[in-house]
Every structure is written in structure tokens, then in C-alpha cells.
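To start, the structure itself, in C-alpha cells.
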Amino acid sequence: MSSSSVITCKAAVAWGAGEPLVIEEVQVSPPQPSEIRLKVVCTALCRSDFSAWESHAIFPRIFGHEASGIVESVGEGVTEFKEGDHVLTVFIGECMTCRHCKSGKSNACQVLGLERRGVMHSDQQTRFSIKGKPVYHYSAVSSFSEYTVVHSGCAVKVSPIAPLEKICLLSCGVAGGLGAAWNVADISKGSTVVIFGLGTVGLAVAQGAKLRGASRIIGVDTNPEKCEKAKAFGVTEVVNSNDCNEPIQQVIKRMTDGGADYSFECIGDTEMITTALQSCCDGWGVTVTLGVPKVKPEIAAHFALFLSGRTLRGSMLGGMKPKSDLPSLVDMYMNKEIMIDEFITHNIQFEEINRAFNLMREGKCLRCVIHMPK
């Protein structure tokens with residue numbers, strides 16, 4: 001199909017905060033310079049999609065960002081991709097030329113960073129419309145559509161033999177958790193780790209900690225089902241904070257002789273960031289926050305926590321540089337060095353996409369993989 005033609009396809013459109021998505025016919029524009037148009041194969045529901053759908057004011061909108069697909073056409077100037085290439089989409093790109101991309105210290109691309117306004121990076125316009133009226137993007141990906149347009153810097157070419165219905169999880173959640181353990185915290189062998197929140201990201205942190213040789217991996221959650229599943233991912237001990245008679249940080253400090261070496265906040269709650277800080281040890285304790293808070297974005301912490309030597313670090317996609325690092329994670333999966341399949345609790349057809357939102361609301365899933373029509 002020529003890249004000059006508009007495609008009409010089905011997409012799950014959010015018309016208002018918290019309202020069920022509606023399968024609509026949408027028009028998808030051709031890719032502009034430096035962009036590619038993809039046929040989405042599989043996409044998973046991530047907690048950040050859910051949170052934005054519940055609260056954000058930009059509508060109508062097509063959510064979805066954790067996805068795999070096949071290149072349908074390329075825009076002017078694109079040489080890295082060709083029609084038929086298998087790709088992962090990413091919510092932060094890698095332009096390879098800005099100060100951050102060249103630094104070797106950061107994955108916060110200055111050109112293709114997190115897009116919050118519902119438009120494309122290049123021209124601040126949308127590529128979706130219904131009856132001539134714009135439909136907004138999410139994180140410049142919008143994978144809850146049969147076809148989507150992304151900047152070529154926000155896609156990663158992967159091996160054509162890797163199963164797209166599995167590796168889509170590496171475009172956000174699993175990669176983010178592994179990277180937080182390996183790149184951001186740099187967990188050392190024999191260390192003690194505590195993880196607050198045993199969803200996909202928290203369990204990916206656990207997997208990363210186990211592969212680094214952590215001696216104890218303590219998981220904290222209030223959902224008994226998640227606590228039960230956690231052992232398979234490397235968690236050695238589980239604490240349900242609802243069952244504790246004292247603040248959870250006191251419980252952790254007692255369990256770990258003064259605090260864990262590393263603590264991870266994987267919930268998206270700024271009060272839990274403070275708790276995680278209080279749960280790691282004086283001197284060298286490192287706390288990493290991976291969650292995106294839905295309310296109260298400010299963090300409150302007593303200065304003495306830092307004066308005593310603790311460190312608080314933020315993590316975006318686990319410090320992974322998409323084009324540089326994600327292909328090696330795909331290789332690790334293909335070599336059975338990391339787990340992905342075990343995170344997938346439900347496989348859902350596109351027409352049933354609202355079921356994925358219901359399962360996440362009820363805390364009954366890790367990842368729901370949504371299969372697009374073939």
C-alpha cells in the first residue's frame with residue numbers, strides 16, 4: 001500500500017474519562033517525514049494507560065503504547081525501516097543525536113521525550129481523525145488501533161522470528177522493571193531488595209534482582225493473589241501490608257537488620273516513595289521510584305533520610321535506551337534467559353478491549369495482551 005494513502009481502520013477510542021472505549025472507524029494519515037505507519041499485531045494494557053484514561057482531560061483519544069507491529073509504510077527520509085519489518089513501539093524515543101542520547105548517561109531523549117499533549121513530536125498534529133475531526137494520541141504511540149503512525153525514533157526493529165504476541169511486553173513494563181534493577185539501582189550480588197507493588201513492573205524488578213544474585217527479595221502488596229504469584233518471579237518473602245500491626249517500613253527494617261540495600265516503589269504513590277526511602281538502610285540504601293502518581297505528585301521526606309546517606313532515583317523505562325538496549329532483551333528472551341510469558345495472564349481479542357480495563361481495575365491481571373484482527 002502506498003504511504004501516500006489514508007487508511008480507514010478500527011480503533012478503540014476513549015471519548016471521556018473512565019468511559020468504556022468505543023470501537024470506531026478512524027482515518028489514519030500517511031506517515032510524514034521521519035515517521036512510519038504500522039499494522040499493530042499485539043498491544044498490552046499498561047497501568048499508565050489505565051491511569052490516564054481515568055483522569056486525563058484530552059479526548060477523544062486512542063490509548064495504548066506497549067505494542068508490537070509490522071511496518072506498513074515509511075515516510076520521507078526513513079532509511080532504518082522498510083515495509084514488513086517487525087518492530088516494538090516505545091513511549092520515549094532515541095534520536096541518537098541530542099545531548100542526552102550522546103551522553104551515554106541518560107535515555108531522556110530531548111527530541112523524542114515523553115509526549116503529553118496528544119500529538120506527534122514532529123508537527124504537533126494528530127494522524128488520526130473521525131469524519132475530519134482530530135482524535136488525539138497517547139505517548140505518541142496509540143496502539144489501540146489496527147494501524148498507527150509513530151516517529152521512526154520511537155520504534156525498534158526486532159528479529160522476525162521473535163513472537164510479537166510475547167515481546168510486546170518489552171516495549172514498556174518488563175523492560176522498565178529489568179532496567180530499574182540493572183541500570184538504575186545496579187543491584188549487587190548478595191544484597192537485600194524490597195519491592196512495593198507486585199504488578200508487572202514490580203515482578204520484573206524481582207526477576208532482574210534474582211538474575212543479579214540478590215540474596216533476599218521481599219515483595220510488599222495488599223493483593224493476596226499477587227502475593228501468591230510473586231514467588232515464581234524470584235520474590236523470596238512476601239508481606240501483605242494490610243496484615244501488619246505497625247508501619248510497613250518498621251516491619252521491613254526489622255526483617256532486614258536496619259533496612260534493605262535497595263527498595264523499589266512500583267505503585268505510583270508518592271507517599272509510598274517516602275515509605276520506600278524509610279525502608280532502605282542508612283549509609284548506602286538506594287530507593288528507585290518507577291510508578292507514575294495519579295494524585296499528589298510532590299514527595300515529602302525528612303532531610304535526615306538523605307543526610308544519613310540514602311539515595312532516591314527516578315526511573316524511566318529503567319534507563320533503557322530503546323534502540324540500543326531492547327534488541328538484546330529480545331535475544332535474552334529467545335535464549336530463555338528472561339521470562340516474559342509468565343507475565344501474560346490474559347489474551348484478549350481487540351473487540352473485548354474493555355474487559356482488559358475491567359480486569360486491571362479489579363486487580364485480577366498482570367498483563368492482558370490484546371490481539372488485533374489479522
Side-chain angles (χ1 to χ4, degrees), residues 46-49 51-52 65-66 88 90-94 100-101 103-110 112-116 139 154 156 169-188 191 193-212 214 217-220 233-234 260-280 284-294 297-299 301 305-306 310-326 328-329 338 343 367:
C46 176
R47 173 63 68 173
S48 55
D49 293 307
S51 298
H65 64 280
E66 191 173 282
L88 296 177
V90 282
F91 66 92
I92 48 169
E94 187 177 357
H100 278 252
C101 283
S103 72
K105 300 175 183 178
S106 165
N107 66 349
C109 178
Q110 292 169 294
L112 301 171
L114 184 59
E115 207 298 309
R116 299 173 185 274
S139 296
C154 295
V156 179
L169 271 62
L170 289 175
S171 88
C172 181
V174 173
L178 291 171
W182 296 342
N183 303 327
V184 183
D186 193 13
I187 290 173
S188 54
S191 56
V193 174
V194 60
I195 301 165
F196 294 89
L198 298 177
T200 298
V201 174
L203 294 176
V205 170
Q207 181 178 191
K210 180 183 179 183
L211 290 168
R212 275 290 179 93
I217 304 170
I218 303 165
V220 180
F233 296 89
D261 299 304
Y262 305 94
S263 63
F264 294 83
E265 185 279 322
C266 305
I267 297 168
D269 182 326
T270 46
E271 289 186 7
M272 288 307 300
I273 296 173
T274 309
T275 300
L277 259 175
Q278 293 166 334
S279 301
C280 68
W284 61 83
V286 174
T287 295
V288 179
T289 176
L290 294 85
V292 179
K294 294 172 273 299
E298 297 82 14
I299 298 166
L305 291 171
F306 301 105
R310 289 174 178 83
T311 303
L312 173 62
R313 303 200 64 186
S315 177
M316 182 77 80
L317 195 62
M320 296 277 185
K321 287 172 154 298
K323 292 180 185 292
S324 308
D325 297 333
L326 293 189
S328 63
L329 287 186
I338 58 171
F343 289 94
R367 276 297 189 262

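Hydrogens, waters and symmetry mates are skipped; everything else that's a heavy atom, side chains included, is used.
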Worksheet item: When the ring planes of Phe91 and His65 are compared, do they come out parallel, tilted or perpendicular, using 30° and 60° as the limits?
Response: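 The rings of Phe91 and His65 stand perpendicular, inter-plane angle above 60°.
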With the side chain counted from C-beta on, respond yes when [X] and [Y] share a heavy-atom pair under 4.5 Å apart, and no when they do not.
X: Phe196; Y: Ile273; answer: no
X: Cys109; Y: His100; answer: no
X: Met320; Y: Asn183; answer: yes
X: Ser188; Y: Asp261; answer: no
X: Cys46; Y: Arg367; answer: yes
X: Val201; Y: Phe264; answer: no
X: Leu317; Y: Asp325; answer: no

Between [atom1] of [X] and [atom2] of [Y], what distance do you get to the nearest 0.5 Å?
X: Gln278; Y: Leu305; atom1: CD; atom2: CG; value: 5.5 Å
X: Arg313; Y: Leu290; atom1: CZ; atom2: CG; value: 11.5 Å
X: Glu66; Y: Thr200; atom1: CD; atom2: OG1; value: 7.5 Å
X: Asp49; Y: Cys172; atom1: CG; atom2: SG; value: 8.0 Å
X: Leu112; Y: Leu114; atom1: CG; atom2: CG; value: 11.5 Å

Worksheet entry | Closest heavy-atom pair and its distance - Thr287, Ala276 | OG1-O, 3.4 Å
Worksheet item: Between the main-chain N or O of Phe233 and the side-chain N or O of Lys210, is there a donor-acceptor pair closer than 3.5 Å?
Response: no
Worksheet item: So with a 6.0 Å cut-off around CD of Gln110, is the heavy-atom count from everything else above 12?
Response: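 Enclosed.
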